[in-house]
Amino acid sequence: DPFADAGGLEECIPTVRGKPDHGEAWSRRWLTLGPDAARVDTDEFSLYRVFRREGGALVVTYRLSAAPGWPFVWAAHALLDLSPAAVLEAPAGTETRVDGGEVTTWPTPLASLGPDDGSATGAILIDCPRVTVADGERLTFSLEAPGQPASVALWRNLRGWPAAGPYRSIGVEPMLGRVFARDEAGQGDAAIVPPSGVGQSQLTVSSA
């Protein structure tokens with residue numbers, strides 16, 4: 001069914017775009033396994049996550065169980081309430097693929113996350129496991145997944161989408177993969193479940 005960008009963070013797996021849009025997990029009920037742990041199950045995979053605090057950071061540990069060799073794209077689809085002064089900081093020179101096929105290097109004009117200009121653009125910062133959103137305060141996302149392609153997707157909708165009723169929506173999305181849609185993945189563009197049938201990753205979100 002149609003959905004609304006309501007803020008917060010969704011788990012997108014095994015694709016971000018494509019069918020189903022946002023993947024199989026985002027619309028499913030999670031099984032609560034304790035105050036800090038939960039699991040979601042589909043016919044193809046089970047995704048387990050645990051939250052813990054380390055100092056001022058939130059650390060999320062993921063365990064994905066699926067058939068060995070299964071290709072997937074995962075994203076922590078975080079929608080953020082940001083002011084027109086917000087910027088996205090990433091290492092200079094990071095390869096950036098923009099919707100429409102453009103390939104450029106960071107920083108680009110997309111680093112400015114406002115003010116609203118009527119545009120809507122998706123981009124992926126390739127092989128970039130760490131970014132910071134600066135908006136008065138600073139929020140840093142850091143992704144660890146040895147052996148997997150770790151990137152960051154950006155959804156920068158500055159009242160440019162949809163045509164019938166455009167609104168503001170900023171997504172900063174640590175991801176495993178280098179493309180939005182799994183069915184568009186070339187060699188090395190998707191994450192792969194290892195021979196053990198269990199893949200592990202860790203997302204750290206910290207503020208300063």
Side-chain angles (χ1 to χ4, degrees), residues 3-17 20-66 70 72-82 86 88-90 113 124-125 127-155 169-178 180 182 190-194 196-208:
F3 62 93
D5 289 341
L9 188 150
E10 303 165 334
E11 306 283 354
C12 295
I13 183 174
T15 192
V16 180
R17 297 177 183 171
D21 192 18
H22 286 54
E24 296 280 358
W26 76 274
S27 61
R28 293 177 182 262
R29 183 181 299 275
W30 287 67
L31 174 65
T32 299
L33 303 175
D36 302 309
R39 190 185 76 230
V40 64
D41 301 308
T42 75
D43 292 339
E44 286 191 291
F45 66 88
S46 292
L47 181 64
Y48 171 80
R49 68 184 180 193
V50 178
F51 295 88
R52 71 179 189 275
R53 291 191 178 276
E54 289 188 1
L58 175 67
V59 180
V60 191
T61 301
Y62 292 94
R63 187 172 71 236
L64 175 68
S65 299
W70 185 66
F72 66 96
V73 172
W74 165 87
H77 185 276
L79 298 176
L80 306 178
D81 183 11
L82 300 172
L88 182 63
E89 299 175 354
L113 303 179
I124 297 178
L125 285 70
D127 297 334
C128 177
R130 181 183 176 92
V131 296
T132 296
V133 179
D135 189 18
E137 299 181 51
R138 297 169 64 81
L139 189 66
T140 296
F141 296 91
S142 182
L143 181 60
E144 299 176 46
Q148 303 285 15
S151 304
V152 172
L154 172 64
W155 171 236
S169 178
I170 307 293
V172 178
E173 309 167 28
M175 70 186 306
L176 298 179
R178 299 186 178 108
F180 283 110
R182 180 177 62 162
I192 302 293
V193 174
S196 65
V198 177
Q200 299 190 60
S201 58
Q202 180 174 285
L203 173 66
T204 301
V205 184
S206 58
S207 61

From [atom1] ([X]) to [atom2] ([Y]), nearest 0.5 Å:
| X | Y | atom1 | atom2 | answer |
| --- | --- | --- | --- | --- |
| Leu9 | Leu203 | CG | CG | 7.5 Å |
| Asp36 | Thr61 | CG | OG1 | 11.0 Å |
| Arg130 | Leu143 | CZ | CG | 12.0 Å |
| Ile192 | Leu176 | CD1 | CG | 11.0 Å |
| Leu139 | Ser206 | CG | OG | 7.0 Å |
| Asp41 | Arg28 | CG | CZ | 8.5 Å |

> Just one of Trp74, Phe45, Tyr48 clears the ring pair (Phe, Tyr, Trp, His ring centres under 6.0 Å) bar with Tyr62, so which one?
Replying inline: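 Single pass found, and it is Trp74.
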> Which pairs pass salt bridge (Lys or Arg N to Asp or Glu O under 4.0 Å) with one or both residues in residues 54-66, sequence neighbours excluded?
Replying inline: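 Applying salt bridge (Lys or Arg N to Asp or Glu O under 4.0 Å) to every pair that reaches into residues 54-66, excluding sequence neighbours, yields Arg52-Glu54.
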> Looking at Val73, Leu125, Asp127, which one forms a side-chain contact (heavy atoms from CB on, under 4.5 Å) with Ser151?
Replying inline: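 For Ser151, the side-chain contact (heavy atoms from CB on, under 4.5 Å) test succeeds with only one of Val73, Leu125, Asp127, which is Asp127.
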Minimum heavy-atom distance [X]-[Y], with the two atoms named:
| X | Y | answer |
| --- | --- | --- |
| Gly34 | Thr32 | O-CG2, 3.3 Å |
| Glu89 | Ala134 | OE2-CB, 3.6 Å |
| Leu154 | Val172 | CD1-CG2, 4.3 Å |
| Leu82 | Leu113 | CD1-CD1, 3.6 Å |
| Trp30 | Ala25 | NE1-O, 4.2 Å |
| Cys128 | Val152 | O-CG2, 3.2 Å |

> Looking at residues at least two apart in the chain, or sitting in another chain, which of them share a ring-ring contact (aromatic ring centres under 6.0 Å, His included) with Phe141?
Replying inline: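 Partners of Phe141 by the ring-ring contact (aromatic ring centres under 6.0 Å, His included) criterion come out as none, since no residue qualifies.
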> Mind checking whether Val40 and Glu11 have side chains closer than 4.5 Å, heavy atoms only?
Replying inline: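 The answer is no; the side chains never approach within 4.5 Å.
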> Is the distance between the ring centroids of Trp70 and Phe72 under 6.0 Å?
Replying inline: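 Aromatic pair counts; centres sit under 6.0 Å.
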>> Using a 3.5 Å distance criterion without hydrogens, assess whether the side chain of Glu24 forms a donor-acceptor pair with backbone atoms of Ile13.
In response: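 Side chain of Glu24 to backbone of Ile13: no pair is present.
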